[in-house]
A.B. asks: 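Please find one structure pasted underneath; my questions will follow.
Chain identifiers are assigned alphabetically (A, B, ...) following the order of the sequence lines, protein sequences preceding nucleic acid strands; residue numbering begins at 1 within each chain. All values below come from the heavy atoms of this structure, side chains included, with hydrogens, waters and symmetry mates left out. A quick note: this is a predicted structure, and the numbers were derived from the prediction, not measured.
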2 protein chains.
Amino acid sequence: MAANSRVTIAAHALAWMELARRRGREVLTSEEVAASVNTNAVIVRRSLGDLQRAGLVRARRGNGAGYSLARSATEITLLDVWLAVSPEPLLALHHCEPNLECPVGRGIRPVLTDLYDEATDTFRAALARSTVADILQRILA
Amino acid sequence: MAANSRVTIAAHALAWMELARRRGREVLTSEEVAASVNTNAVIVRRSLGDLQRAGLVRARRGNGAGYSLARSATEITLLDVWLAVSPEPLLALHHCEPNLECPVGRGIRPVLTDLYDEATDTFRAALARSTVADILQRILA
DNA sequence: GGCAAAAGTAACCATCACTGTTACGTTCGG
DNA sequence: CCGAACGTAACAGTGATGGTTACTTTTGCC
């Protein structure tokens, strides 16, 4: 495991919600989303909870409740999704502080941090180039 | 945890080996590398074992043995290191097959795979821009 | 040939993140 | 007030990781 499938689940949910919206169903329950993603409704609620906290979806409670997109699918990028559900950085430094008596141990951390940030930025930029609407369009093509 | 600190450990080891080489010590033992990285010698041997399998370092066994760079530090990129030690993809698809009766479930996987590959490629390209020699130079600057 | 040093590696443990599941509290429309 | 659905806590199972010990294998050197 270890690799992030959260983005996949969240993107799937959003694409499905957008398709349902176009078909006239503005609101979907976690059960309905879970049926498409083929997972447990709690997983969906947790994922959509992250998206809600990031302002990408709205959740209504009570009777007849469910989730709806908080803004147009053309304005939700895969980067938005990734930032909402992916807390972990792609690359990490040492768990334990390296030996500071060694020149490499003393100086390597800021250098690697900088390089990791650069690589992560290009990764994010790539994700920012696709929206949920793009994804749905390619799915339906 | 979960985030990869393997690249960090391997890059640290390589930079330290290159610095030692410039100081006239062509070969370092796993104990010596572990002392700088501040971890266990077995961890270093596992990491350098990966690098050896990738052709980045050479290992000699027996008395007076140890590790040395298999090629110039200017020709070992951070991407080489990442490929050698990072088996996991950055993003993964669903664990379970999605519901194929849903249009989204049926079509989303190739789309996401494609987008994930694109983003991963830019990430790799960024890592490919730095070599162990670059890193050591920035450490010593 | 034997010794000693060090790589290679297996076995095991603790920790942690993640998914999945159940269960329960909370909210809110009708 | 009732019921539907979100929110969330608690727990189990799985798997990756890092750390540690211990053993085998290799090999230079005396």
Side-chain angles (χ1 to χ4, degrees), chain A residues 1-10 12-13 17 25-35 37-54 56-68 70 85-98, chain B residues 1-10 12-13 17 25-35 37-54 56-68 70 85-98:
Chain A
M1 201 183 309
N4 248 330
S5 66
R6 289 191 181 186
V7 176
T8 297
I9 290 172
H12 186 146
M17 286 165 67
R25 301 232 26 223
E26 195 76 35
V27 172
L28 288 183
T29 68
S30 59
E31 290 287 349
E32 291 171 315
V33 174
V37 179
N38 193 21
T39 183
N40 192 288
V42 176
I43 302 295
V44 172
R45 272 179 255 156
R46 287 206 276 242
S47 177
L48 291 182
D50 288 337
L51 299 184
Q52 186 194 15
R53 249 162 267 128
L56 307 184
V57 305
R58 266 189 297 266
R60 251 172 307 183
R61 303 175 70 165
N63 200 341
Y67 298 92
S68 56
V85 302
S86 250
E88 297 286 333
L90 295 177
L91 297 169
L93 293 186
H94 314 67
H95 293 175
C96 296
E97 184 171 79
Chain B
M1 203 183 308
N4 250 331
S5 66
R6 291 191 179 187
V7 176
T8 298
I9 291 172
H12 186 146
M17 286 165 66
R25 301 231 27 222
E26 195 75 35
V27 172
L28 289 183
T29 69
S30 59
E31 291 286 350
E32 290 170 315
V33 174
V37 179
N38 193 21
T39 183
N40 193 286
V42 175
I43 303 295
V44 172
R45 290 201 284 264
R46 289 206 275 240
S47 176
L48 291 182
D50 288 336
L51 298 184
Q52 186 192 17
R53 250 162 267 130
L56 307 185
V57 305
R58 266 189 296 267
R60 252 172 306 183
R61 303 175 69 163
N63 200 343
Y67 298 91
S68 56
V85 302
S86 248
E88 297 286 333
L90 294 179
L91 297 169
L93 293 186
H94 314 68
H95 293 173
C96 296
E97 184 171 79

A.B. asks: Would you please name every residue forming a side-chain hydrogen bond (donor to acceptor under 3.5 Å, both in side chains) with A/Ser47, sequence neighbours left out?
C.D. replies: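 With sequence neighbours excluded, A/Ser47 shows a side-chain hydrogen bond (donor to acceptor under 3.5 Å, both in side chains) to no residue whatsoever.
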
A.B. asks: Between A/Thr8 (side chain) and B/Ala92 (backbone), is there a donor-acceptor pair under 3.5 Å?
C.D. replies: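 Yes.
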
A.B. asks: Going 5' to 3' along nucleotides 19-30 of chain D, which nucleotides have protein heavy atoms under 4.0 Å from the base (write B), which only from the sugar-phosphate (write S), and which from neither (write -)?
C.D. replies: BBBB--BBBB--

A.B. asks: Rounded to whole Å, how long is the line connecting atom CG of A/Asp50 with atom C1' of C/dT19?
C.D. replies: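 So the CG-C1' distance, A/Asp50 to C/dT19, works out to 14 Å.
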
A.B. asks: Let me know the distance between OH of A/Tyr67 and C1' of D/dA5, rounded to the nearest Å.
C.D. replies: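 It is 8 Å, rounded to the nearest whole Å.
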
A.B. asks: Distance check: side-chain N/O of B/Gln52 vs OP1/OP2 of C/dG8, anything under 4.0 Å?
C.D. replies: yes

A.B. asks: Would B/Val42 and B/Arg46 satisfy side chain to side chain contact (heavy atoms under 4.5 Å, CB included), going step by step from the backbone distance to the final call?
C.D. replies: CA-CA 6 Å; B/Val42 175; B/Arg46 289 206 275 240; 4.1 Å; yes

A.B. asks: Write down the atom of A/Leu51, the atom of A/Ala10, and the distance for their closest heavy-atom approach.
C.D. replies: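 Closest heavy-atom pair between A/Leu51 and A/Ala10: CD1-CB, 4.0 Å.
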
A.B. asks: Could you state the atom-to-atom distance from CZ of A/Arg58 to P of D/dC6 in whole Å?
C.D. replies: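 From A/Arg58 CZ to D/dC6 P: 15 Å.
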
A.B. asks: The side chain of B/Arg53 lies closest to which of these nucleotides: C/dT9, C/dA6, C/dG8?
C.D. replies: C/dT9

A.B. asks: Consider side chain to side chain contact (heavy atoms under 4.5 Å, CB included). Of B/Arg60, B/Arg58, B/Met17, which one does B/Tyr67 pass it with?
C.D. replies: B/Met17

A.B. asks: Rounded off to whole Å, could you give me the CD-to-P distance for the A/Glu88 and D/dA16 pair?
C.D. replies: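 From A/Glu88 CD to D/dA16 P: 16 Å.
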
A.B. asks: May I ask you to evaluate whether B/Ser30 reaches the phosphate of C/dA7, defined as a side-chain N or O under 4.0 Å from OP1 or OP2?
C.D. replies: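 For C/dA7, OP1 or OP2 has a side-chain N or O of B/Ser30 closer than 4.0 Å.
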
A.B. asks: For C/dA5, does either OP1 or OP2 sit under 4.0 Å from a side-chain N or O belonging to B/Thr29?
C.D. replies: no

A.B. asks: Taking all heavy atoms of B/Asn38 and all of A/Pro98, pick out the closest pair and write down the distance.
C.D. replies: CB-CA, 3.9 Å

A.B. asks: Quick one: does B/Asp50's side chain have a donor or acceptor within less than 3.5 Å of a partner on B/Val85's backbone?
C.D. replies: no

A.B. asks: Rounded to whole Å, please give me the gap between CD in A/Glu97 and P in D/dG18.
C.D. replies: 18 Å

A.B. asks: Under 4.0 Å, counting only non-hydrogen atoms across every strand here, what does A/Gly49 touch: a base, just sugar-phosphate, or nothing?
C.D. replies: nothing

A.B. asks: Whole Å only: how far is the CG atom of A/Leu48 from the P atom of D/dG7?
C.D. replies: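 Result: 9 Å.
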
